[in-house]
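This structure is in structure tokens; I'll ask about it shortly.
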Protein chains: 2
Amino acid sequence: MADLTTRAEFLLKTLVERYIAEGQPLGSRTLAKRSGLDLSPATIRNVMADLEDMGLVTSPHTSAGRIPTQLGYRVFIDSLLTVRPLDAEQIRKVEGEFTAGADPQKLVETTSHLLSEVTELAGLVVVPRREDQLVFRQLDFVGLSGGRVLVILVTEDGQVQNRIIDTEQDYSPAKLLQAANYFNDKYGGVAISEVKRMLLAEMQRTSEEMQRIMELALEMSRKMFVEPADEGNDLLVTGESNLMGFPELGDIQKLRKLFDTFTAKRDLLHLLDRSMRAGGVKIFIGRESGYEALKECSVVTAPYTVDGQVVGTLGVVGPTRMPYERIIPFVDVTAKLLGGALSSIGR
Amino acid sequence: MADLTTRAEFLLKTLVERYIAEGQPLGSRTLAKRSGLDLSPATIRNVMADLEDMGLVTSPHTSAGRIPTQLGYRVFIDSLLTVRPLDAEQIRKVEGEFTAGADPQKLVETTSHLLSEVTELAGLVVVPRREDQLVFRQLDFVGLSGGRVLVILVTEDGQVQNRIIDTEQDYSPAKLLQAANYFNDKYGGVAISEVKRMLLAEMQRTSEEMQRIMELALEMSRKMFVEPADEGNDLLVTGESNLMGFPELGDIQKLRKLFDTFTAKRDLLHLLDRSMRAGGVKIFIGRESGYEALKECSVVTAPYTVDGQVVGTLGVVGPTRMPYERIIPFVDVTAKLLGGALSSIGR
DNA sequence: TTTGGCACTCGATAGCCTAGAGTGCTAATC
DNA sequence: GATTAGCACTCTAGGCTATCGAGTGCCAAA
């Protein structure tokens with residue numbers, strides 16, 4: 001396929017820009033005016049025919065103008081887009097949200113709200129729960145009735161998870177405390193995935209010579225750590241309703257599929273996981289995500305790091321026709337700030 | 001206004017039932033057939049005219065049949081509805097969900113999902129966080145860097161809340177433990193609202209003669225308890241997307257208002273709080289709720305109790321045209337089962 | 001009190017027309 | 001050879017009209 005001429009590129013760029021801004025197919029006449037080039041509509045038509053041959057633009061029907069195709073957006077984003085840095089007000093607003101000391105869960109919630117409010121799209125944040133990245137801090141056992149024990153798990157980054165487990169008998173508070181102390185001394189500061197591994201090993205090795213208290217601690221923590229955990233990473237979605245009201249998502253059936261995708265989380269988590277490996281902002285346009293429900297949407301993501309290590313991803317979802325030049329730097333900055341805020345909690 | 005004749009009642013009943021089932025206005029002709037009464041359409045028309053005078057039915061336009069008004073639904077529910085008990089499969093399903101031991105948060109989530117799945121509407125559950133109904137169990141202090149302390153609050157019913165607070169200095173783990181012990185001994189088993197009150201009193205009274213450790217505990221717990229808490233009761237909404245696809249909510253603007261109401265939670269919480277006082281199932285039809293966004297919806301709620309005391313409410317939201325005779329007993333049963341499951345956690 | 005008959009209303013659907021926007025092609029022009 | 005003007009053509013959106021069918025309200029008869 002022939003390379004794009006400079007002029008064709010320029011026209012594609014203005015076409016995409018205008019279409020993003022106005023949502024209307026662009027005809028040769030208007031494009032001639034808006035481009036600033038001194039060309040007649042007829043010439044524009046010729047160029048458009050070329051762009052259509054290359055699969056970069058298409059027209060909804062004969063007498064409508066042209067709109068970008070998915071590929072057109074791709075080219076636009078990869079080589080034509082001029083990203084505007086955030087303006088002063090936005091930067092101030094974003095930074096303001098991250099100053100207050102808060103626990104990771106709240107930080108993540110704040111971030112997601114921020115994303116959806118500023119972009120007026122749906123905000124996504126993956127809550128990091130990867131076991132190999134979480135460091136164990138301490139365990140608490142709180143006795144409940146009927147042999148049930150509330151286990152509270154604290155990680156170094158200040159996250160708290162809890163769970164009720166069943167045991168065969170009631171234990172005294174003193175016993176529970178002793179058990180917790182034993183366990184905390186032994187595993188404090190170890191990565192959770194490692195704790196799991198060590199637990200399994202320990203249980204096999206010393207099951208006979210163990211003291212009662214060790215047994216208790218191990219039994220409970222085994223239930224907490226090893227048995228089918230709730231889930232891995234979790235996903236927070238906010239501002240879904242921002243997506244209603246985009247004419248391209250006006251079909252209620254499509255909208256429902258989209259919302260179901262948000263609720264199920266699985267597909268989105270998968271998508272966001274994929275974008276964790278690469279550094280920096282990643283953009284999935286339409287079908288590139290590989291999910292039917294997202295075929296008319298774009299997803300802009302950026303991983304965030306704590307102490308230099310990628311722990312999660314955040315981003316936004318919106319119609320393919322979204323103001324990328326605003327969205328991209330914003331998602332980027334937000335990821336950096338969230339990473340910074342999370343880093344300052346751990347020690 | 002004249003009382004309803006038995007026949008008029010019967011016709012209203014079948015009208016509402018058929019309309020709920022089919023979603024189409026009913027004309028005199030079809031109603032004559034469906035009612036089973038041996039009456040001509042003309043007679044039905046006379047009765048319908050009466051019902052219309054009484055404000056119980058209306059017609060969308062001249063040549064459409066009749067549909068129930070809000071008042072018509074009210075009369076139907078209050079005096080005509082024959083509630084069907086749950087069928088065997090549903091009961092089994094509901095009970096199955098509540099057997100596994102789980103913490104309150106998970107129970108509430110399960111319940112909400114259950115509500116929305118079975119009814120195919122949006123499920124609501126108020127998470128009880130009323131301070132006067134929660135009994136303090138214990139506090140944990142976990143030191144983080146930079147003078148920050150992670151405070152974990154456990155209540156008797158097994159709920160865990162946590163929060164990071166700022167202090168002026170770093171405390172040693174031993175100090176923190178001591179402080180927690182001091183506090184837990186003193187306030188264990190006291191209602192949270194009472195702890196708050198006592199804290200304020202204590203701080204004023206003995207601020208000079210206090211030992212350092214008491215000071216520390218009081219200072220931290222003050223920040224946890226007294227300073228602007230997160231919120232009061234919280235609300236869980238699931239299955240919102242079930243509401244897409246009801247033709248009466250087909251307008252995307254309405255839908256958006258509805259979803260925003262779900263997200264904001266405030267109005268719904270208010271509504272559910274109202275229904276906490278009365279025992280048993282409560283039904284808000286259309287505008288009765290008092291909220292614009294819900295004007296074409298009905299809300300069916302039931303309070304649930306722990307140890308005889310009402311602690312929260314649950315329910316469903318759907319279009320006014322919902323199968324009440326299925327929904328009502330289901331909401332009722334679910335409330336009872338959730339209450340039971342929560343009761344078995346506390347001691 | 002019930003019913004049949006009848007004129008009337010209204011929404012939905014289909015068909016038709018027009019205006020407007022935009023295209024592709026061809027031939028003339030720079 | 002690139003650009004442009006001109007023109008025939010296509011397609012949508014919107015307005016207008018006619019028709020069909022469902023259903024009503026009312027009146028007079030049973």
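No experiment lies behind these values; they were computed from the predicted model shown. Chain letters run A, B, ... following the sequence lines, proteins first and then strands; every chain starts at 1.
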| Pairwise side-chain contact, B:I328 with B:L81, heavy-atom cut-off 4.5 Å (strictly under) |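 A side-chain contact exists here, since the closest heavy-atom pair is under 4.5 Å.
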
Show each protein N/O and nucleotides 10-13 of chain C N/O combination with a separation under 3.5 Å, one pair to a line.
residue, atom, partner, partner atom, Å
C:dC10, O2, B:S63, OG, 2.8

| request: Tell me, yes or no, whether the heavy-atom count around A:K257 atom NZ, taken from other residues, nucleotides or ligands under 6.0 Å, exceeds 12. | output: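 Atom NZ in A:K257 is not crowded, with 12 or fewer foreign heavy atoms closer than 6.0 Å.
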
| field | A:E89 with A:R92: basic N within carboxylate O range, under 4.0 Å | value |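 Looking at A:R92 together with A:E89, the answer is no, because their closest N to O distance does not fall below 4.0 Å.
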
| request: Could you tell me the separation between the CD atom of A:Q24 and the P atom of D:dA13, rounded to a whole number of Å? | output: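 Taking atom P of D:dA13 as the reference, CD of A:Q24 is at 11 Å.
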
| request: Provide the closest heavy-atom pair for B:M48 versus B:V57 in the form atom of the first, atom of the second, distance. | output: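 In this case the closest contact between B:M48 and B:V57 is O-CG2, 4.0 Å.
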
| request: Measure from CG on A:D50 to P on D:dG1 and round the result to the nearest Å. | output: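 Spelled out: CG on A:D50 to P on D:dG1 is 16 Å.
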
| request: Find the distance A:I67:CD1 to C:dT23:P and express it as a whole number of Å. | output: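 Going from A:I67 (CD1) to C:dT23 (P), I get 13 Å.
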
| request: Provide, to the nearest angstrom, the distance between the CZ atom belonging to B:R29 and the P atom belonging to C:dG5. | output: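 Answer to the nearest Å: 12 Å.
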
| query | What is the distance from CD1 of B:I44 to P of C:dT3, rounded to the nearest Å? | reply |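 About 9 Å, once rounded to whole Å.
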
| field | Aromatic plane relationship, A:F259 with B:F259 - under 30° parallel, 30 to 60° tilted, over 60° perpendicular | value |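 Perpendicular, since the angle between the ring planes exceeds 60°.
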
| Once the angle between the rings of B:H270 and B:Y291 is folded into 0 to 90°, is it parallel (under 30°), tilted (30 to 60°) or perpendicular (over 60°)? |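 Perpendicular, since the angle between the ring planes exceeds 60°.
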
| Whole-Å gap separating P (D:dG23) and CD (B:E52) |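 Value for this atom pair: 15 Å.
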
| task | Whole angstrom is fine here: how far is it from CG in B:L31 over to C1' in D:dT24? | result |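 Atom CG in B:L31 sits about 14 Å away from atom C1' in D:dT24.
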
| request: For the pair A:E22 and A:R321, find out whether any cationic side-chain nitrogen is under 4.0 Å from an anionic carboxylate oxygen. | output: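 So A:E22 does not pair with A:R321 through a salt bridge.
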
| D:dT24 phosphate, OP1 or OP2: any side-chain N/O from B:S28 under 4.0 angstrom? |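 Looking at the OP1 and OP2 atoms of D:dT24, one of them is under 4.0 Å from a side-chain N or O of B:S28.
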
| field | SB check B:R74 B:E288 (cutoff 4.0 Å) | value |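 A salt bridge links B:R74 with B:E288.
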
Collect all protein-nucleotide pairs involving nucleotides 2-6 of chain D in which both atoms are nitrogen or oxygen and the distance is under 3.5 Å.
residue, atom, partner, partner atom, Å
D:dT3, OP1, A:R7, NH1, 2.8
D:dT3, OP2, A:R7, NH1, 3.4
D:dT3, OP2, A:R7, NH2, 3.0
D:dT4, OP2, A:S40, N, 3.0
D:dT4, OP2, A:S40, OG, 3.3
D:dT4, OP2, A:T43, OG1, 2.3
D:dT4, O5', A:S40, OG, 3.4
D:dG6, O6, A:R45, NH2, 3.3

| Salt bridge between B:E292 and B:R287, side-chain N to carboxylate O under 4.0 Å? |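 A salt bridge is present here (some side-chain N lies under 4.0 Å from a carboxylate O).
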
| said: Please identify which of these residues, A:R66, A:K33, A:R45, meets the side chain to side chain contact (heavy atoms under 4.5 Å, CB included) condition with A:S28. | reply: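 For A:S28, the side chain to side chain contact (heavy atoms under 4.5 Å, CB included) test succeeds with only one of A:R66, A:K33, A:R45, which is A:R45.
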
| Side-chain H-bond candidate by donor/acceptor type, A:S116 with A:T238, under 3.5 Å |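 Side-chain D/A pair, A:S116 to A:T238: present.
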
| said: Counting only heavy atoms and a strict 4.0 angstrom limit, can you tell me which residues of residues 9-18 of chain B come near DNA chain C? | reply: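 Hits under 4.0 Å, by residue number: none.
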
| task | Figure out the CG/P separation between A:L51 and C:dG22, and round it to whole Å. | result |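 Distance check: A:L51 CG to C:dG22 P gives 17 Å.
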
